[in-house]
Amino acid sequence: MKGMDKQVVIYWYQGCGRIIASEYAGLIYGMVDKMRRGRTDAALVRIISPVESLEPEAEKNAEKRAVEFAKLVFPLLSRYIPN
């Protein structure tokens, strides 16, 4: 939360054929990939959705929007993120 603004954030790391939601696992796999494949390329995918009010349902609505957007964009990412 920044000031009075609130946001829902979902994120994951994607690359080398993996999708990882943990920073620590991403670091470990990055080291393994460097040793095995000589590469460390990956992407951090982050989706941010604003919480539009202080109403109890507003955070759930923001999360729902973020998840729906992730479902739309996810199939397109393989075009831009190396396997």
Side-chain angles (χ1 to χ4, degrees):
M1 183 186 249
K2 181 179 177 185
M4 294 303 292
D5 295 334
K6 189 172 183 182
Q7 302 171 331
V8 170
V9 179
I10 58 175
Y11 72 93
W12 65 90
Y13 296 90
Q14 188 168 339
C16 295
R18 290 187 200 91
I19 298 163
I20 303 166
S22 164
E23 289 180 55
Y24 298 112
L27 290 170
I28 291 168
Y29 279 118
M31 288 186 286
V32 170
D33 290 338
K34 176 66 174 172
M35 291 187 294
R36 282 186 168 169
R37 304 170 103 180
R39 351 181 339 197
T40 59
D41 50 342
L44 167 64
V45 180
R46 181 173 61 178
I47 297 171
I48 302 170
S49 180
V51 177
E52 296 176 342
S53 73
L54 297 175
E55 297 297 319
E57 293 296 312
E59 191 169 332
K60 289 179 184 178
N61 291 337
E63 182 177 351
K64 182 178 177 182
R65 280 193 312 271
V67 169
E68 290 301 317
F69 182 76
K71 287 178 183 178
L72 291 173
V73 75
F74 183 79
L76 305 174
L77 293 175
S78 62
R79 296 182 196 172
Y80 306 100
I81 300 173
N83 255 341

- [ ] Would you give the length of the straight line joining atom CD of Glu63 to atom NZ of Lys60, rounded to the nearest 0.5 angstrom?
- [x] 9.5 Å

TODO: Look up atom CG in Leu76 and atom CD1 in Ile81, then write down how far apart they are to the nearest 0.5 Å.
DONE: 10.5 Å

TODO: May I have all residue pairs that pass salt bridge (charged side-chain N to carboxylate O under 4.0 Å, His left out) and include part of residues 72-83, sequence neighbours excluded?
DONE: none

Would you give me the side-chain donor-acceptor pairs under 3.5 Å for residues 21-37, sequence neighbours excluded?
{"from": "Ser22", "atom 1": "OG", "to": "Tyr24", "atom 2": "N", "distance (Å)": "3.3"}
{"from": "Ser22", "atom 1": "OG", "to": "Ala25", "atom 2": "N", "distance (Å)": "3.2"}
{"from": "Asp33", "atom 1": "OD1", "to": "Arg18", "atom 2": "NH1", "distance (Å)": "3.1"}
{"from": "Asp33", "atom 1": "OD1", "to": "Arg18", "atom 2": "NH2", "distance (Å)": "3.1"}
{"from": "Asp33", "atom 1": "OD2", "to": "Arg18", "atom 2": "NH1", "distance (Å)": "2.7"}

Under 3.5 Å, sequence neighbours excluded: what are the donor-acceptor pairs made by side chains of residues 9-16?
{"from": "Trp12", "atom 1": "NE1", "to": "Gln14", "atom 2": "OE1", "distance (Å)": "2.9"}

In a table with atom names and distances, give each donor-acceptor pair under 3.5 Å that connects a side chain of residues 47-55 to protein atoms at least two apart or in another chain.
{"from": "Ser49", "atom 1": "OG", "to": "Ala62", "atom 2": "O", "distance (Å)": "3.0"}
{"from": "Ser49", "atom 1": "OG", "to": "Arg65", "atom 2": "NE", "distance (Å)": "3.4"}
{"from": "Ser49", "atom 1": "OG", "to": "Arg65", "atom 2": "NH2", "distance (Å)": "3.3"}
{"from": "Ser53", "atom 1": "OG", "to": "Glu55", "atom 2": "N", "distance (Å)": "3.2"}

